[in-house]
Visitor: 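Encoded as structure tokens, here's the structure I'll be asking about.
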Amino acid sequence: MTEQDIASGVGASPAPATTGAGEVVLRLTDVVKTFPGVRALDGVQLEVRAGEVHCLLGQNGAGKSTLIKVLAGVHRPDSGHIEWRGNRLAFANPQAAMRAGIATIYQELDLVDDLSVAENAFLGHEPRRLGFIRRGHMASRTRQILGRLGHAEIPPGRMVRALPAAGKQVVSMARALSHEARLIIMDEPSAVLAHDEVENLFRIIRELTAQGIAVIYISHRLEEIREIGDRVTVLKDGRTTAANLPARETPTSDLVSRMTGRTIEYVFPDRAAGTVIGDELLQVDGLTRHGEFADVSLSVRAGEIVGIAGLVGSGRSELLETIYGARAAEAGSVRMAGRALRPGSVGAAVKAGMGMAPEERKSQALLLGEPIYRNVTLATFDRYARFGFTDVGRERAEADRIAESLEMRPRDVRRAVRTLSGGNQQKVVVGRWLLGDTKLLLLDEPTRGVDVGARAELYQVIRQLAAQGVGVLLVSSEVPEVLGLADRVLVMREGRVVRTAPADELDEPTVLDLVMAGSLMEGAAA
Amino acid sequence: MTDSPPTTKLPAQSPPVDPAETEAAGHATAGSTGGLSWWHGDGGEGAKRNLALIGVLLALFVIGAATRSDLYSNPDWVWANMLSILKLASVVGVVTVGMTFVIIGGGIDLSVGAIVALAGVWCTTVATQNFGAGGMIFTAIIVGVAVGLVNGTLIAYGRLVPFIATLAMLVAARGLAAEISDKQTQISQNGTINGIASTNLLGIPLLVYILAAVVAAGWVLLNRTTFGRRTVAVGGNPEAARLAGINVRLHTLLLYALSGLCCGIAAIMLTAQATSAQAAMANLYELDAIAAVIIGGTLLSGGRGTIVGSLLGVIIFATITNLFAINGLTTEAQNMVKGGIIVAAVLIQQIQFGSLSQFFRRNRLTTS
């Protein structure tokens with residue numbers, strides 16, 4: 001299926017249909033979409049065939065999200081056309097796209113937590129008779145779809161809230177199938193999944209494509225694209241820079257250079273010269289929260305990067321939030337530079353010099369409608385104020401400095417954070433703690449949904465902070481990231497620290513082994 | 001309603017003023033034309049909304065002029081009528097400033113009318129009146145703040161839903177007011193207090209100055225202080241605010257106390273206007289205030305809003321009341337139109353930011 005390499009130039013016409021794969025089901029020609037001040041899509045070409053996994057590659061801000069939303073009927077393109085199974089169209093709304101057979105699985109899953117699996121799968125198009133929902137029918141159809149997805153073990157009546165992330169994703173896919181989708185768009189589906197769950201996802205995708213369903217797959221992980229993808233289309237600055245590259249054969253350097261316009265090495269920066277690991281900064285003793293984690297002890301020294309590896313659900317995020325005081329510990333203590341912190345008080349933690357970039361940027365860290373500078377100074381605007389009156393000029397100048405040093409794009413700090421890409425939003429959150437005198441930075445999944453280029457920049461920032469004597473406690477699902485950045489690594493499983501060792505004594509297989517030894521619910525299916 | 005009805009004739013002491021200018025003057029505290037350097041508070045969107053509201057006011061003026069051209073042909077009458085509208089708006093206006101903070105901060109305060117009544121009744125008891133005007137003002141403000149603190153404590157620390165907590169307070173505070181006053185109307189014997197409503201400075205009622213001062217203070221507090229910044233953060237994303245080290249609960253408490261403070265001030269103004277207080281006073285002020293905040297463009301879900309918009313909302317309502325009064329129409333008809341205005345104002349504001357079709361599409365999808 002990886003037949004040709006064509007159309008690598010901007011504005012090149014899509015490939016002619018060839019043999020070896022299904023017919024072309026979706027074709028986008030010169031699609032343009034502008035928002036006030038931004039040309040989000042500036043001539044996109046895309047061609048997707050039935051039964052293929054078409055990967056969409058591009059940095060944050062390249063226009064992937066906008067493109068998805070155009071296909072899903074959320075945005076209407078300004079110009080250009082979309083041909084879907086032979087008909088030209090522009091969907092007026094998401095329902096129309098769904099009806100036409102295009103389903104989208106967003107990065108932040110759009111499920112209703114307090115409805116059951118079956119109710120979520122058929123949300124908005126419940127089977128009805130005389131205005132009453134046919135619950136039995138709905139449950140049996142859901143069961144049938146889940147079976148098709150290889151997850152017959154998920155009960156249709158179970159509340160979605162009770163499912164792990166991987167289970168929720170299966171429900172999202174069940175929703176897509178309940179619409180008889182012919183094209184499923186997946187926006188970074190692996191971002192919320194642990195390693196073995198990704199394998200399961202791929203198995204499902206293969207089953208779907210075998211049924212002739214087309215998949216548009218978006219991921220930042222090149223190795224995934226190699227494994228699951230058939231063809232790749234690369235976007236940069238809202239344009240297609242390369243279309244229909246063979247997913248397995250195209251060299252990585254080629255893909256990266258088409259994404260970035262420059263060749264970057266996806267490596268961890270060296271430890272800055274002169275980084276000295278100093279005195280003990282954070283000391284955690286016997287920290288416990290029932291049902292989340294138990295008896296965790298750890299320490300972080302000034303200038304040291306400590307990584308925590310573990311699956312979603314291993315208690316790692318809860319641990320971080322408890323150290324930060326966002327949750328109150330039931331037992332144990334947290335000390336900063338020898339002084340015990342009041343449990344359950346973020347204020348005390350911040351005052352003691354802690355800062356945190358939480359796992360969910362949008363819901364936990366950002367005021368999306370507010371300008372960049374106000375988000376950057378959210379934890380520090382008090383310091384610039386005089387007698388309670390804010391000093392916006394200084395705030396903006398400080399935010400400017402941060403934006404400059406983190407290479408934020410766009411650089412204009414008066415722009416609403418909503419308009420930024422994921423990587424730049426993350427820079428805003430991290431940048432918040434570069435102001436003021438943060439001594440210990442807690443990072444929860446700092447590179448989730450962040451593209452390769454911005455990732456390297458973030459790694460650099462983390463290393464620089466350590467060089468300046470800041471202690472860093474880092475949580476990540478990506479083992480290479482933990483191993484590559486951290487001086488010391490803690491492996492967590494089911495709420496307990498199962499291993500602590502210097503990073504250079506561990507390797508990826510060892511850590512994965514430790515992490516997965518007692519994997520959760522979905523483990524058996526992998 | 002114990003407010004004084006709109007006056008139709010008042011000696012005009014100033015030269016005739018173009019109505020548009022007067023209305024713009026009310027808006028000048030925020031100055032939509034100012035440079036970006038100091039115009040960061042209400043933001044561009046807010047300014048646009050407020051311009052639309054001024055357009056509505058102008059339209060109402062035109063309607064008034066068309067329906068009662070006999071009155072509107074007299075500039076003295078127009079000026080006097082304008083002042084009576086502002087006077088009418090002054091009490092609810094003060095309450096609305098507090099309400100704007102609460103709503104931007106992600107809450108709601110249904111008890112404002114009841115707090116005004118309780119503060120009014122408490123400050124006009126015989127015992128309180130013995131302490132003179134200072135004692136009465138002090139009492140009204142303390143009662144307002146205290147009730148606000150109770151609301152805030154229940155909501156911030158007792159984790160009650162604001163709607164429930166303040167609904168309960170609405171009932172309870174009116175009950176207490178009836179208890180204290182023994183369901184009687186308490187006459188204010190204090191000349192200083194009563195004078196607040198009848199004094200004019202430079203031809204403009206003192207009540208209007210009080211409104212202007214409260215609005216100006218509110219604007220500064222929201223747009224220029226850390227308190228205002230925290231309000232936006234707490235209402236916009238409480239979790240992000242909390243994780244940034246902001247004491248969300250304490251701030252929530254303070255927001256309701258601020259609303260109570262505004263109610264205390266309003267209680268004095270209303271008591272002065274009626275030269276009396278009773279448990280039924282300030283009836284349904286909560287609805288007037290919330291409606292004004294909404295048509296002023298503040299998001300009910302919190303995190304965004306403007307003081308100037310709320311002020312314009314109050315003035316629009318007062319103008320409608322006035323318009324109906326000068327045309328001799330009933331309050332029933334008035335209420336129906338007010339309801340329509342709330343819906344229309346919100347629709348117009350939404351459409352302002354895009355085409356009509358975009359508006360309908362945006363409301364059909366809730367996923368993004």
Side-chain angles (χ1 to χ4, degrees), chain A residues 36 65 69 72-76 92-95 104 106 108 110 321 324-326 345-351 354-358 360-371 373-375 377-385 387-393 395-396 414 416 429 432-433, chain B residues 35-41 43-46 48 104 106 217 220-251 254 298-299 301-305 353-355 357-368:
Chain A
S65 305
K69 287 187 174 166
V74 178
H75 296 319
R76 201 193 286 262
N93 59 55
Q95 283 78 10
T104 307
Y106 292 98
E108 275 124 33
D110 49 350
E321 289 187 13
Y324 191 56
S345 166
V346 174
V350 171
K351 214 165 279 165
M354 276 195 217
M356 177 158 102
E360 303 285 341
R361 275 192 296 274
K362 287 184 187 171
S363 64
Q364 293 187 294
L366 293 170
L367 302 168
L368 291 170
E370 292 285 294
Y373 78 91
R374 289 196 178 195
N375 275 280
T377 60
L378 187 65
T380 44
F381 61 81
D382 267 329
R383 298 170 201 224
Y384 308 120
F387 307 113
F389 286 86
T390 51
D391 185 344
V392 173
E395 281 183 40
R396 233 186 257 154
R414 285 176 309 201
V429 179
R432 175 180 300 164
W433 301 108
Chain B
L36 255 174
S37 55
W38 66 280
W39 174 252
H40 61 268
E45 273 187 28
K48 261 190 248 164
I104 293 176
V220 170
L221 191 61
L222 181 62
N223 297 306
R224 287 289 175 278
T225 69
T226 55
F227 183 90
R229 187 70 67 79
R230 273 184 222 113
T231 305
V232 172
V234 165
N237 189 342
E239 179 70 359
R242 190 172 77 105
L243 293 180
I246 294 172
N247 192 335
V248 174
R249 289 196 192 172
L250 176 63
H251 192 77
L254 293 178
T298 295
L299 287 186
S301 53
R304 198 171 74 203
F353 300 110
S355 68
S357 67
Q358 250 178 350
F359 161 70
F360 283 111
R361 236 183 312 155
R362 187 169 348 140
N363 284 277
R364 219 179 302 167
L365 44 76
T366 47
T367 48
S368 53

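Only heavy atoms go into these numbers, but all of them, side chains included; no hydrogens, no water, no symmetry mates. Numbers restart at 1 for each chain; the letters A, B, ... are given by sequence-line order, proteins then strands.
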Visitor: Can you label the angle between the A:Trp433 ring and the A:Tyr324 ring as parallel, tilted or perpendicular, going by 30° and 60°?
Guide: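 Because their plane-to-plane angle is over 60°, the rings of A:Trp433 and A:Tyr324 count as perpendicular.
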
Visitor: Can you tell me which of B:Thr225, B:Val220, B:Asn247 forms the most heavy-atom pairs within a distance under 4.5 Å of chain A?
Guide: B:Thr225

Visitor: Identify, with sequence neighbours excluded, every residue that meets salt bridge (Lys or Arg N to Asp or Glu O under 4.0 Å) alongside B:Arg230.
Guide: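 Residues passing salt bridge (Lys or Arg N to Asp or Glu O under 4.0 Å) with B:Arg230: A:Asp382.
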
Visitor: Tell me which of these, A:Val350, A:Leu367, A:Thr377, A:Asn375, has more heavy-atom pairs under 4.5 Å with chain B than the rest.
Guide: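 Winner by heavy-atom pair count: A:Leu367.
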
Visitor: Taking salt bridge (Lys or Arg N to Asp or Glu O under 4.0 Å) as the test, write out the residues that go with B:Arg242, two or more places apart.
Guide: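 B:Arg242 satisfies salt bridge (Lys or Arg N to Asp or Glu O under 4.0 Å) with B:Glu239 once adjacent residues are dropped.
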
Visitor: What part of B:Ile246 gets closer than 4.5 Å to chain A, counting heavy atoms only: side chain, backbone, both or neither?
Guide: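 Only the side chain of B:Ile246 comes within 4.5 Å of chain A.
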
Visitor: What heavy-atom pair brings B:Ala240 and A:Ala365 nearest, and what distance separates the two atoms?
Guide: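 Scanning both residues, the minimum pair turns out to be CB-C, 3.4 Å.
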
Visitor: Might you point out which heavy atoms bring B:Arg229 and A:Val392 nearest each other, and give the distance in Å?
Guide: NH2-CG2, 3.9 Å

Visitor: Do you know which of A:Arg361, A:Glu321, A:Met354, A:Glu395 has the most heavy-atom pairs under 4.5 Å to chain B?
Guide: A:Glu395

Visitor: Checking A:Leu366 against chain B: side chain, backbone, both or neither under 4.5 Å from a heavy atom?
Guide: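 The backbone, not the side chain.
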
